[in-house]
Colleague: 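The structure's right below; bear with me while I get my questions together.
Order of listing sets the numbers, starting from 1, for every ligand and every atom in it. Nothing fancy with the numbering, it's 1 onward along the sequence.
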Amino acid sequence: MLTSIAGKSVIVTGGSKGIGKGIAMVFAKQGAKVMIAARGEEAAKAAVAEIEAAGGTAAYHLTDVADWDSVQEMVAATADAFGGVDILCANAGIFPQVKLVDMSPDDWDTVMSTNLKSSFLCVKACIPYFEKAGKGRVVLTSSITGPVTGFPGWAHYGASKSGQLGFLKTAAMELSRYGTTINAVMPGNIYTEGLQDLGEEYLKTMAASIPLKRLGAVEDIGNAALFFASDEAGYITGQQIVVDGGQILPESLEAIEEI
Ligand code: NAP
């Protein structure tokens with residue numbers, strides 16, 4: 001049992017849907033106060049209502065994580081509402097699929113800004129609060145796609161997710177001065193609204209290629225984030241963990257069929 005989350009102020013970017021909503025719910029169930037940062041109001045409101053219905057504390061702030069002013073406003077609003085910022089879960093991300101031959105420079109920039117620059121902006125905006133408290137936690141949502149695997153259509157996405165891990169290592173060194181750790185969770189295929197958009201066939205094929213024979217649940221990622229955010233993980237920084245049901249392990253189709 002982890003003992004250190006109750007009453008903490010937690011930002012979850014992209015907390016209105018999918019993995020972010022799962023992370024938000026896991027933290028809220030542990031007694032944390034959760035700020036959901038996303039662009040769409042309807043889903044953000046619904047996520048807050050869901051958390052409150054489960055007995056948790058949550059609020060939302062409409063935010064574009066790719067925009068510096070917007071991120072700064074969101075972090076300040078969180079500190080005002082919850083009396084500081086203890087934990088940042090930088091999770092918001094997009095994964096539009098487009099092959100290189102059709103990919104425009106704008107497609108590339110949009111994915112990089114939303115998935116990678118956002119990690120930098122959110123961490124930077126939280127530093128004054130971590131410095132004031134002399135402690136803090138950051139958990140990035142990266143991916144297996146990019147750092148470990150490839151998938152046609154996701155060159156920009158994979159680069160952004162690898163970029164987060166590059167950012168992580170130097171950020172860990174710099175944040176240590178504020179008693180703050182930063183680590184990353186690398187999800188495999190997690191069942192979310194975003195993934196559902198890729199279609200039934202994709203979901204079926206993916207589940208069949210995973211040794212544990214199921215897509216991940218959003219709580220699987222929330223629980224890993226919760227551990228990194230706990231006091232008990234206080235000596236772990238600059239690290240990453242794959243949470244994928246064993247998806248990256250098989251060497252070949254035969255290896256999966258042997259199970
Ligand atoms: P999702 O269901 O599509 O949810 C994405 C969330 O991010 C939404 O809350 C969305 O809200 C928010 N968001 C997107 N762009 C934003 C922006 N510019 N500013 C603020 N919020 C923004 O996606 P998901 O599957 O949960 O993915 C979440 C994270 O997990 C991403 O970083 C993704 O790369 C990573 N991941 C997912 C999987 C998977 O299998 N699902 C696997 C590996 C990694 P608004 O659109 O309203 O802003």
Colleague: Nearest heavy atom to atom 32 (O) of ligand 1: which of Asn91, Asp64, Val65 does it belong to?
Modeller: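 Heavy atom nearest to atom 32 (O) of ligand 1 belongs to Asn91.
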Colleague: Among all protein non-hydrogen atoms, which one is nearest to atom 4 (O) of ligand 1, and what is the separation to 0.1 Å?
Modeller: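 I find the closest protein heavy atom is Lys17 CB, 3.7 Å.
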Colleague: Hey, looking at atom 42 (C) of ligand 1, which of Gly188, Gly146, Ser143 has the closest heavy atom?
Modeller: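 Considering heavy atoms of Gly188, Gly146, Ser143, the nearest to atom 42 (C) of ligand 1 sits in Gly188.
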Colleague: Kindly confirm or rule out an N or O of Ile94 lying under 3.5 angstrom from an N or O of ligand 1.
Modeller: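 Checking ligand 1 against Ile94, no N or O pair falls under 3.5 Å apart.
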Colleague: Could you tell me the residue and atom name of the protein heavy atom closest to atom 35 (C) of ligand 1, and the distance to it rounded to 0.1 Å?
Modeller: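 I find the closest protein heavy atom is Thr141 CG2, 3.7 Å.
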Colleague: Check whether any N or O atom of Ile19, backbone or side chain, sits under 3.5 Å from an N or O atom of ligand 1, and answer yes or no.
Modeller: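 N/O-N/O distance under 3.5 Å: yes.
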Colleague: Quick one: does Asn189 get a heavy atom under 4.0 Å from ligand 1?
Modeller: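 Judged by the 4.0 Å heavy-atom criterion, Asn189 does count as contacting ligand 1.
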Colleague: Does ligand 1 have an atom that lies less than 4.0 angstrom from a heavy atom of Thr13?
Modeller: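 In this structure, Thr13 fails to qualify as a contact of ligand 1 - no heavy atom is under 4.0 Å.
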Colleague: Any atom of ligand 1 sitting under 4.0 Å from a heavy atom of Ser118?
Modeller: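 No.
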Colleague: Looking at ligand 1, is there an atom of it that comes within less than 4.0 Å of some heavy atom belonging to Ser142?
Modeller: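 Ser142 counts as a contact of ligand 1 under the 4.0 Å cut-off.
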Colleague: State whether a side-chain donor-acceptor pair under 3.5 Å links Tyr60 with Glu41.
Modeller: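 Distance-only check passes for Tyr60 and Glu41.
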Colleague: Does Tyr191 come within less than 4.0 angstrom of ligand 1, counting non-hydrogen atoms of the residue?
Modeller: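 Tyr191: no contact with ligand 1 (<4.0 Å).
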Colleague: Can you list the atoms of ligand 1 that are under 4.0 Å from a heavy atom of Ala92?
Modeller: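 Under 4.0 Å from Ala92, ligand 1 has these atoms: 7 (O), 13 (N), 21 (N), 22 (C), 32 (O).
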Colleague: Report yes or no: does a heavy atom of Lys161 sit under 4.0 Å from some atom of ligand 1?
Modeller: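 The answer is yes, since Lys161 has a heavy atom less than 4.0 Å from ligand 1.
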Colleague: So which heavy atom in the protein is nearest atom 2 (O) of ligand 1, and how far is it from that ligand atom?
Modeller: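 Its nearest protein heavy-atom neighbour is Gly194 N, 3.4 Å.
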Colleague: If we ignore hydrogens and angles and just use 3.5 Å, is the side chain of Asn183 paired with the main-chain N or O of Leu140 as donor and acceptor?
Modeller: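 No, Asn183 side chain to Leu140 backbone: no donor-acceptor pair under 3.5 Å.
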Colleague: Kindly write out the residues that satisfy salt bridge (Lys or Arg N to Asp or Glu O under 4.0 Å) with Lys21, not counting sequence neighbours, or none if the list is empty.
Modeller: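 Applying salt bridge (Lys or Arg N to Asp or Glu O under 4.0 Å) to Lys21 gives Glu50.
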Colleague: What's the verdict on ring-ring contact (aromatic ring centres under 6.0 Å, His included) for Phe95 and Phe151, showing C-alpha distance, side-chain angles and the deciding distance?
Modeller: CA-CA 11 Å; Phe95 32 95; Phe151 201 103; over 10 Å; no
Colleague: Measure from the side-chain N and O atoms of Ser162 to the backbone N and O of Ala159, and report whether any donor-acceptor pair falls under 3.5 Å.
Modeller: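 No, the answer is negative, given that no donor and acceptor are paired below the 3.5 Å cut-off.
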Colleague: Are any of the side-chain nitrogens in Arg214 or Asp220 under 4.0 Å away from the carboxylate oxygens of its partner?
Modeller: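 Judged by the 4.0 Å cut-off on N to carboxylate O distance, Arg214 and Asp220 do form a salt bridge.
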Colleague: For atom 16 (C) of ligand 1, what is the nearest protein heavy atom, given as residue, atom name and distance?
Modeller: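 Nearest neighbour among protein heavy atoms for atom 16 (C) of ligand 1, to 0.1 Å: Arg39 NE, 3.4 Å.
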Colleague: Closest non-hydrogen protein atom to atom 33 (C) of ligand 1, residue and atom name please, with distance?
Modeller: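 Checking every protein heavy atom, the shortest distance to atom 33 (C) of ligand 1 gives Tyr157 OH, 3.5 Å.
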